[in-house]
Amino acid sequence: MKTRFTTVDIRAVIAEINANYIGMRVNNVYDIDTKTYLIRLQKPDSKAVLLIESGTRIHSTDFEWPKNMMPSGFAMKCRKHLKTRRLTQVKQLGIDRIVDIQFGSEEAAYHLIIELYDRGNIILADHEYTILNLLRFRTAEAEDVKIAVRERYPVESARPPEPLISLERLTEILRKAPNGEQVKRVLNPHLPYGATLIEHSLIEAGLSGSAKVDSQVDAAQGTNRTGYIIQKREKKPALTPGTPSEELLTYDEFHPFLFAQHTKSPYLEFDSFDKAVDEFFSKIESQKIDMKALQQEKQALKKLENVKRDHEQRLEALHQAQEVDRIKGELVEMNLPVVERALQVVRSALANQVDWTEIGIIVKEAQAAGDPVACAIKELKLQTNHITMLLKNPYISEEGQEEEENSNALDDKGKKNKNKGQNKKLQRNKPVLVDVDLSLSAYANAKKYYDYKRSAEKKEQKTIEAADKAMKSAEKKTQQTLKEVQTVTTIQKARKVYWFEKFLWFISSENYLIIAGRDQQQNEMIVKRYLRAGDIYVHADLHGATSCVIKNPSGDPIPPRTLTEAGTMAVCYSAAWDAKIITSAWWVHHHQVSKTAPTGEYLTTGSFMIRGKKNFLPPSYLIMGFGFLFKNKLKKIKEKYKDQDEEDRELMMQLLGSAGSTKDEKDKGKKGKKGKGKDEPVRKPPFQKQPQKPRNMDAAARKPAQMAAGKDEEERQPGEEGENLLTSLTGQPHPEDVLMFAVPVCAPYTALSNYKYVKLTPGSQKKGKAARTAVFSFMKAKEASTREKDLFRSVKDTDLSRNMPGKVKVSAPNLLAAKKK
């Protein structure tokens with residue numbers, strides 16, 4: 001699969017960016033991960049987003065990408081220098097895979113330099129190319145050139161465009177190439193265009209068609225307005241035998257031209273190369289799920305094929321044994337006088353106590369004299385009381401034997417697909433080595449081989465009967481595996497990752513959402529971004545204790561049980577868990593929490609100043625629980641909750657959308673909302689602003705239509721999604737519920753009374769194994785439906801264990817009995 005830009009791709013995308021986005025101003029800069037950044041551009045009548053990935057790609061995007069909640073230092077530096085500046089120029093440095101994006105002009109200009117080769121890099125520089133910030137420090141090939149802050153970026157060291165290669169030079173390169181080497185591999189080091197374009201030119205014009213290469217490069221520099229995604233066909237195994245297998249088309253390569261070598265492959269054509277690349281990279285992560293499922297399906301079918309092949313080989317071996325024993329029995333029977341005479345001679349020598357070595361000498365002397373009986377004896381196996389004789393059909397003449405052998409040889413050449421058993425049957429008249437037992441008569445030896453043949457025949461029949469059952473069982477197991485793989489794949493694609501899942505979280509017994517930080521940075525974020533009026537801050541005076549926030553959109557007093565559960569969470573996610581210490585947490589109102597330190601003091605990341613009285617809670621027991629919430633299809637919600645108290649229902653609807661507005665949303669202005677006797681600002685929950693979707697979601701999931709219509713995720717209102725969110729999550733699904741996916745939950749034990757759950761206490765079991773043990777318990781539960789089991793299988797191991805407080809002991813009813821069973 002193609003994974004990064006070539007020189008031709010860079011030329012094509014630069015031409016499109018210069019044609020479409022020059023003159024637009026930078027609105028903001030975001031980071032997706034440590035290597036990938038988004039630059040939001042706008043002008044009065046349009047918007048656009050440039051996506052830059054260090055070492056890989058640069059293009060505009062119409063898809064929604066999950067931005068980091070806390071911008072990186074590099075993103076902040078880019079915001080400082082690039083915001084409000086116009087995009088003035090995009091160019092390639094020489095023929096290197098380096099793109100120079102200029103914002104602003106003259107002395108107010110800044111450059112963003114993207115290296116699309118090797119490990120890649122992104123460099124922010126001023127108008128003189130003095131480096132202000134960069135992703136990674138490195139030393140260039142020349143030892144005196146450093147790519148570091150305050151150093152000058154060596155733009156002049158880029159390889160300049162080379163003159164078109166001459167026919168004489170091309171001929172010389174090909175003449176010096178070693179025999180058998182591919183032409184495109186020979187030419188690739190000498191041309192800057194890439195192997196794909198060279199291969200295309202060779203197909204179009206042959207080895208002497210260098211002019212075609214030149215014309216394609218000229219087109220790539222500025223006139224192309226199309227893009228192509230080359231697809232790869234993969235056959236999906238059929239669930240039921242006899243049905244045609246489905247075809248899976250996956251993205252394999254992207255190009256600004258439809259090259260000759262790709263015309264016979266399936267492909268998608270786009271209006272521009274920019275759009276083709278955007279579609280390619282937005283889908284390949286999603287297709288990894290399909291490919292993983294496909295590999296699992298192929299592996300299951302391979303196991304079934306191995307069972308079938310093993311069965312066939314076993315039957316073939318038994319059949320061969322029957323054929324060999326039958327032929328040996330027939331040959332002994334046809335040669336009774338010779339076999340009997342050989343037995344008598346050897347028995348007589350043994351009876352006279354002749355030495356075994358002497359017997360061998362006697363036989364060799366008789367063979368030299370031409371004795372027919374001695375000539376039939378090929379080996380003495382006196383230690384096992386046997387002799388080996390070379391026997392043949394005495395009723396076929398030498399001429400007939402030779403003629404049949406020649407016929408068999410011709411038959412073997414003309415019919416190579418015949419099995420070995422048939423070939424041996426055809427060659428039954430050839431001399432065969434037969435072991436003869438000295439303790440039996442010649443006739444008894446023949447009968448012994450017939451008995452072997454009948455025994456193998458019976459064994460073959462039993463093997464066939466047993467194999468039929470084994471094959472049916474294997475086929476049933478394979479079909480079940482294929483069905484499970486496809487079900488799990490469907491569930492994983494439908495799985496929505498909610499905004500609060502990046503934190504530690506749970507829903508209390510009274511339906512309040514509690515979130516807590518996994519580390520000091522998240523503790524800082526939770527207080528700064530998510531602690532709002534009416535919310536409660538819960539903490540414990542212990543090393544490593546997490547900062548908990550109880551979301552309270554109604555502003556009513558928080559019930560004591562919810563406060564206690566939040567306190568349990570604060571204590572369990574601290575050093576108290578491993579030390580097995582029972583202690584108390586405390587809570588304060590939102591306005592008592594401050595980041596302002598007293599004069600002369602400094603607060604570290606994740607630390608806060610508490611002003612006023614702390615309200616201590618009862619001692620918290622170190623008991624957590626692990627269970628699942630199930631996403632129920634929304635069409636059943638109204639009927640299911642029609643009898644619920646209206647005030648409780650309103651609280652549940654608001655609950656998971658109660659994180660409050662972010663700083664960016666505040667800048668847009670506050671809107672009043674009529675509530676309980678007062679006006680409050682409209683709070684836009686982060687999961688509506690930007691759902692934390694993994695990059696493996698497909699294009700439909702990222703809602704490009706909204707962006708095309710000018711309706712960004714940031715502009716959505718709370719009622720569009722928050723209303724049905726909580727009521728669609730349930731810990732105890734009803735049999736008639738339509739379940740979409742499962743969300744693992746780790747929470748204080750008392751908060752899981754309405755879940756299917758197990759108990760977690762401090763122990764010695766690692767989190768990953770503990771999570772698998774818990775899921776095993778749920779899978780073995782009698783009340784677990786088939787759909788619930790499918791949902792359990794679809795949850796990734798990392799998601800299962802990531803919220804557990806540390807090493808644990810798992811306790812559940814009948815867990816030990818289920819393991820033994």
Side-chain angles (χ1 to χ4, degrees), residues 2-24 35 37 39 41 48 50-60 82 86-105 109-125 127-129 131 134-135 138 140-141 145 147 152-165 188-198 213-227 254-257 272-278 281:
K2 183 177 177 181
T3 57
R4 60 170 65 197
F5 273 29
T6 64
T7 300
V8 175
D9 298 334
I10 291 172
R11 291 293 181 92
V13 81
I14 286 177
E16 293 182 9
I17 293 174
N18 279 322
N20 297 323
Y21 307 118
I22 294 297
M24 299 182 77
K35 294 179 63 178
Y37 292 80
I39 302 176
L41 303 171
L50 282 182
L51 187 149
I52 298 167
E53 184 175 356
S54 172
T56 303
R57 55 181 167 141
I58 171 175
H59 58 85
S60 68
L82 303 183
R86 290 184 187 275
L87 175 63
T88 55
Q89 186 184 26
V90 183
K91 65 181 180 180
Q92 182 180 8
L93 296 183
I95 58 170
D96 287 339
R97 283 181 289 168
I98 304 174
V99 178
D100 179 4
I101 308 176
Q102 181 178 331
F103 300 91
S105 56
Y110 288 91
H111 297 266
L112 203 60
I113 301 166
I114 299 96
E115 296 180 348
L116 298 174
Y117 61 91
D118 195 29
R119 291 168 56 195
N121 208 349
I122 303 179
I123 297 105
L124 177 65
H127 69 286
E128 295 179 333
Y129 287 97
I131 298 174
L134 73 170
L135 289 190
R138 68 178 178 85
E141 292 181 2
V145 177
I147 309 299
R152 186 178 181 280
Y153 189 83
V155 289
E156 62 283 345
S157 64
R159 289 184 299 163
E162 300 173 0
L164 296 178
I165 190 168
N188 198 29
H190 302 278
L191 300 173
Y193 318 124
T196 304
L197 188 54
I198 295 172
V213 173
D214 299 340
S215 63
Q216 289 294 338
V217 172
D218 289 341
Q221 292 177 1
T223 60
N224 183 59
R225 285 293 180 271
T226 56
F254 55 90
H255 296 288
F257 309 97
S272 68
F273 176 65
D274 200 27
K275 292 186 181 297
V277 176
D278 187 26
F281 281 100

J.: Taking all heavy atoms of Ile114 and all of Leu112, pick out the closest pair and write down the distance.
T.: CD1-O, 3.5 Å
J.: To the nearest 0.5 Å, what is the distance between CD1 on Ile39 and CE on Met24?
T.: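 It comes to 12.0 Å.
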J.: Which residues pass the ring pair (Phe, Tyr, Trp, His ring centres under 6.0 Å) test with His255, not counting sequence neighbours?
T.: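 Phe259, His262.
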J.: Could you pull out the closest heavy-atom pair between Leu87 and Ile101, with the gap in Å?
T.: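 Reported closest heavy-atom pair: CD1-CG2, 3.3 Å.
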J.: If you measure from CG on Leu124 to CD1 on Ile113, what distance do you get to the nearest 0.5 Å?
T.: 9.0 Å
J.: When rounded to the nearest 0.5 angstrom, what is the spacing between CG in Asp100 and CG in Leu93?
T.: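 If I round to the nearest 0.5 Å, the distance is 5.0 Å.
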J.: Output all residues satisfying salt bridge (charged side-chain N to carboxylate O under 4.0 Å, His left out) with Lys35, sequence neighbours left out; order by chain, then residue number.
T.: none
J.: Tell me the closest heavy-atom pair linking Ser54 and Gly120, and the distance in Å.
T.: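 Heavy atoms only, the tightest pair is OG-C, 3.0 Å.
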J.: Using the ring pair (Phe, Tyr, Trp, His ring centres under 6.0 Å) criterion, which residues pair with Tyr37? Sequence neighbours excluded.
T.: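 Checked Tyr37 against ring pair (Phe, Tyr, Trp, His ring centres under 6.0 Å); matches are Phe74.
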J.: So, using side-chain hydrogen bond (donor to acceptor under 3.5 Å, both in side chains) as the criterion, who are the partners of Asn121 when residues are at least two apart?
T.: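 With sequence neighbours excluded, Asn121 shows a side-chain hydrogen bond (donor to acceptor under 3.5 Å, both in side chains) to no residue whatsoever.
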J.: What residues form a side-chain hydrogen bond (donor to acceptor under 3.5 Å, both in side chains) with Gln92, not counting sequence neighbours?
T.: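 Gln92 satisfies side-chain hydrogen bond (donor to acceptor under 3.5 Å, both in side chains) with Arg11 only.
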J.: May I ask you to decide if the ring planes of Phe273 and Phe5 are parallel, tilted or perpendicular, using 30° and 60° as cut-offs?
T.: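 It falls in the tilted class, 30° to 60°.
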J.: Evaluate Ile58 against Leu116 for side-chain contact (heavy atoms from CB on, under 4.5 Å), listing each step before the verdict.
T.: CA-CA 9 Å; Ile58 171 175; Leu116 298 174; 4.1 Å; yes
J.: Are any of the side-chain heavy atoms of Ile98 and Tyr153 separated by less than 4.5 Å?
T.: yes
J.: Taking all non-hydrogen atoms of both residues, which atom of Gln102 and which atom of Ala109 are closest, and how far apart?
T.: NE2-CB, 3.8 Å
J.: What is the distance from atom CD of Gln89 to atom OG of Ser105, rounded to the nearest 0.5 Å?
T.: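 Between atom CD of Gln89 and atom OG of Ser105 there are 11.0 Å.
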J.: Between Asp274 and His59, is any side-chain donor less than 3.5 angstrom from a side-chain acceptor?
T.: no
J.: Would Arg57 and Phe281 count as a side-chain contact (heavy atoms from CB on, under 4.5 Å) here? Give the steps.
T.: CA-CA 9 Å; Arg57 55 181 167 141; Phe281 281 100; 2.9 Å; yes
J.: Taking side chain as C-beta onward, heavy atoms only, is Ile14 less than 4.5 Å from Val99?
T.: yes
J.: I'd like to know whether the aromatic ring centres of His111 and Tyr129 sit less than 6.0 Å apart in this structure.
T.: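 Yes, ring centres under 6.0 Å apart.
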J.: Just wondering, do Pro256 and Val8 contact through their side chains at under 4.5 Å, heavy atoms?
T.: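 The answer is yes; the side chains approach within 4.5 Å.
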J.: Closer than 3.5 angstrom, by distance alone: can the side chain of Thr56 be matched with the main-chain N or O of Glu53 as a donor-acceptor pair?
T.: no
J.: Do Ile147 and Ile131 have side-chain heavy atoms sitting under 4.5 Å apart?
T.: yes
J.: Identify whether the distance between the nearest side-chain nitrogen and carboxylate oxygen of Asp118 and Arg4 falls below 4.0 Å.
T.: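 Arg4 and Asp118: not salt-bridged.
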J.: Could I get the full list of side-chain hydrogen bond (donor to acceptor under 3.5 Å, both in side chains) partners for Glu128, not counting sequence neighbours?
T.: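 For Glu128, no residue satisfies side-chain hydrogen bond (donor to acceptor under 3.5 Å, both in side chains) once neighbours in sequence are set aside.
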J.: Less than 4.5 Å apart, side chain to side chain, heavy atoms only: is that true for Lys2 and Asp9?
T.: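 In short, these two side chains touch, coming nearer than 4.5 Å.
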